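Take a look at the structure set out below.
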Amino acid sequence: MDNNLTDISYFFADSNNDSGLSSLRTQRQVDEALHGMDDGELYLQYAQSETFSFDDGRLKNAAYDTSKGFGLRSILGDVSGFAHSSELSDDALKRAVETVKSIKSGSSATLAIAPQRTNKKLYSDKNPLGGVSFKDKIAILQEIDAYARSKDPKICQVSCSISGEWQVIEIIRPGGHRVQDIRPLVRLNISVVAKHGDRMESGYEGSGGRYTYDQLLTSKNWKDQTDNAIRQAILNLDSVPAPAGEMDVVLGPGWPGVLLHEAIGHGLEGDFNRKGTSAFAGLMGERIAAKGVTVVDDGAMENRRGSLSIDDEGTATNCTTLIEDGILVGYMQDRMNARLMGSFSTGNGRRQSYAHQPMPRMTNTYMLSGNQDPEEILAGVKDGLYAVNFGGGQVDITNGKFVFSCTEAYKVKNGKIDAPVKGATLIGSGPDALKRISAIGNDLKLDNGVGICGKAGQSVPVGVGQPTLRLDGITVGGTDI
């Protein structure tokens, strides 16, 4: 593959590329498609991706994919017309124009002002797929496998994978407004299984972000990751059945912020609030959380997995405060929902690919630090649970009710961390849980870069985070009943 091509060569025919769109004709067709509309854009995307999976001591899968295409969207009021194609040609675009124009039935509108341009760049343009050779990637996976098995004789299975992606996107609006972004994304996953007698338990660790393999695949990084996965698996071999009932729960810093992401994050996205289906709809300016709780969504953090220099509508990302000292002060907005709500886009218009329409989505969502020492927070719990890692969960956006499973948790007895437990689940509702926060640590931590968020059939990379938190009187589902 040629990693030195410029972004425009992927989409438009020129002296180096005899196939693709005509640049001048494309602009004219966009102008025609969006004449008399409130908003819309042509979204062009070129993507390279690869995955290497190592399991049972050998390479199980090696995949590489290249894709490109466009999505053309028109918006009139709260109705959108959308057409997409993997064929980058003037004829394909012309057919798309006729499709998206169909939503206009004699109505007239004023085209929304295009997003303000930005020179902000949060990550390198360098293509991570070309930085490390195929041979070296396989060698690193072999090293991880051998290292994990040598660390403890109880380790009986090792699975690891490396994945990378490189996207070039361009957004074209009427009147010649064009913006581009080049987006790298890498990830390393390591899982192990430990066995003692008839009992088997697993451990997992992952990391990633918008940078290259050179940063991801350092010896220190993959060894630290492997050590932590092994620690979890061995720890779980000694776990006891989780207690059940209502109790005080302390959440560790970092990845436990996924509960915050799911239980309240989606409920603060603009579309759910505009339609009145969110548990937080109509509560702007009211107290929805305990004092001291401040939550932000920040898509403008360098190299983070959930970050974007511009969102998928061309708006520059920024740090949006959602909850300030317990008061609801903001929603995450894309352009359409912001316009319909008399607000402005916060740079949260995101889409999975050119074949999907953008909608309000989270980027890096986290709670800010408080001023309490984490050890003092734990010391104040007489009989409760300390949860430091989570697996899957389910949330109902309309009422915020959630169920989350803990993959690493401990009993807390008289302020001391006690035995590890297995099978603990946290049950409650986001709006209620926010008001049960009684202590906020001074140890804000972001996750290691593995978050994936699903909404309306679309998946996008995200980040989460939080400091140590104490929640009073949370329902814990357990196996020790």
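Please read all numbers here as calculations on a predicted model, not as lab measurements. Any value given below was found using the heavy atoms of this structure, including those in side chains, with hydrogens, waters and symmetry copies removed.
Taking the salt bridge (charged side-chain N to carboxylate O under 4.0 Å, His left out) definition, one finds that K126 meets it with D214, sequence neighbours left out. Scored by the side-chain contact (heavy atoms from CB on, under 4.5 Å) test, V412 finds L378, V381, Y386 as partners (sequence neighbours excluded). Take K455 and apply the salt bridge (charged side-chain N to carboxylate O under 4.0 Å, His left out) test, not counting sequence neighbours, and it matches E269, D271. Scanning for side-chain contact (heavy atoms from CB on, under 4.5 Å) contacts around L446 gives M301, R304, Y366, with sequence neighbours left out. Contacts of T407 classified as side-chain hydrogen bond (donor to acceptor under 3.5 Å, both in side chains), with partners at least two apart in sequence or in another chain: none. Residues meeting the side-chain hydrogen bond (donor to acceptor under 3.5 Å, both in side chains) test with T226, sequence neighbours left out: none. Take D65 and apply the side-chain contact (heavy atoms from CB on, under 4.5 Å) test, not counting sequence neighbours, and it matches S49, S67. With sequence neighbours left out, K154 forms a side-chain contact (heavy atoms from CB on, under 4.5 Å) with D152, A194, H196, I234, L237. Applying the side-chain hydrogen bond (donor to acceptor under 3.5 Å, both in side chains) test to S163 and every residue at least two apart in sequence or in another chain returns nothing.
Sequence neighbours left out, the pairs with a member in residues 363-388 that pass salt bridge (Lys or Arg N to Asp or Glu O under 4.0 Å) are D383-K413. Among residues at least two apart or in separate chains, side chain to side chain donor-acceptor pair (under 3.5 Å) pairs with a member in residues 51-62 are D55-S159. A salt bridge (Lys or Arg N to Asp or Glu O under 4.0 Å) check over residues 389-411, counting only residues at least two apart or in different chains, returns the pairs R231-E408.
Y46 and W166 have perpendicular rings, their planes meeting at more than 60° on a 0 to 90° scale where under 30° would count as parallel.
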